[in-house]
Amino acid sequence: MSDDVLSQEFKRLYDQWEQAIHQKNWAWFETYFAEDWIGTARPWPALSLNRDQLIEIDKQIESLDAQWIKVEAHRFGDTVVTAVVSRIGNEEFKPGGHLAEGVATTQEFNEYCAGNEIAYAGAWRHNGQNWQMFDHRMIGIIKGYEA
């Protein structure tokens, strides 16, 4: 499979992730995020989440204006690595939420991301039925990105 075809396949997965948030389809995360999923986010070096913690944070999202504008996928053996850019308009969370206790509030997260293009990196493996993300890194704001 060419990287272009692979990138289109993973663009669909990232779009499904966004839709799962809109539709409150938490089962999607259990299907497409591996049990050993881990995620981090800059500029919070102490932030490290597991799959269940991420799902709980995403359950706090009341509205989301975001779009995955670039997804590049590359296969390395049985692993697919993605480089992704999302344009974040706004992400409204329930009041008083935290990404992780003592790290950042959901309000601080939204203030950092809102109105920016954010770069991410991900790692995926196939479990025999579905691709599953097992690693997700929010790299941070990228300036001057042209889609």
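On a predicted model such as this, the values are computed, not experimentally measured, just so you know.
Note on ring orientation: taking the six-membered ring where Trp is involved, the planes of Phe93 and Phe109 are perpendicular (angle over 60°, cut-offs 30° and 60°). Using the six-membered ring where Trp is involved, Phe33 and Trp124 have ring planes that are perpendicular, over 60° apart on the 30 and 60° scheme.
Here the closest heavy-atom approach between residue Ile118 and residue Ile141 is recorded as CD1-CG1, 3.6 Å.
Between the Asn50 side chain and the Asp52 main chain, a donor and an acceptor come within less than 3.5 Å of each other. Within the 3.5 Å criterion, the main-chain N or O of Gln129 finds a donor-acceptor partner in the side chain of Asn127. Of the possible polar contacts, none joining the Gln23 side chain to the Ala20 backbone as a donor-acceptor pair under 3.5 Å is found. Judged by distance alone, the side chain of Thr79 and the main-chain N or O of Arg75 form no donor-acceptor pair under 3.5 Å. Side chain of Lys59 to main chain of Lys24: no donor-acceptor pair is present (N/O by atom type, distance under 3.5 Å, no hydrogens or angles). Remark: side-chain polar atoms of Asn25 are not paired, donor with acceptor, to backbone N or O of Ile21 under 3.5 angstrom. Under the 3.5 Å distance criterion, the side-chain polar atoms of Tyr120 are left unmatched by any main-chain donor or acceptor of Thr82.
A salt bridge between Arg12 and Glu9 is absent, with no side-chain N of the basic residue lying under 4.0 Å from a carboxylate O of the acidic one. We find that Glu62 and Lys94 are not joined by a salt bridge, their nearest charged nitrogen and carboxylate oxygen being 4.0 Å or further apart.
A cation-pi contact links Arg125 to Phe134, judged by a cut-off of 6.0 Å to the six-membered ring centre and 45° from its axis.
With rounding to the nearest 0.5 Å, the separation of CD in Glu108 from CH2 in Trp44 is 7.5 Å. The distance from the NZ atom of Lys11 to the CG atom of Asp15 is 3.5 Å, given to the nearest 0.5 Å. From Leu54, atom CG reaches atom CD1 of Ile38 across 11.5 Å, with rounding to the nearest 0.5 Å.
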Problem - Working for side-chain hydrogen bond (donor to acceptor under 3.5 Å, both in side chains), residues Asn90 and Glu92 - result: CA-CA 6 Å; Asn90 197 35; Glu92 287 293 324; 2.7 Å; yes

Exercise for the section: I would like to know whether Arg51 and Glu35 meet side chain to side chain contact (heavy atoms under 4.5 Å, CB included); could you show each step before the answer? Expected result: CA-CA 7 Å; Arg51 179 182 77 174; Glu35 287 185 30; 3.9 Å; yes

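Residues Tyr14 and Ser86 have side chains that never bring a donor and an acceptor to within less than 3.5 angstrom of each other.
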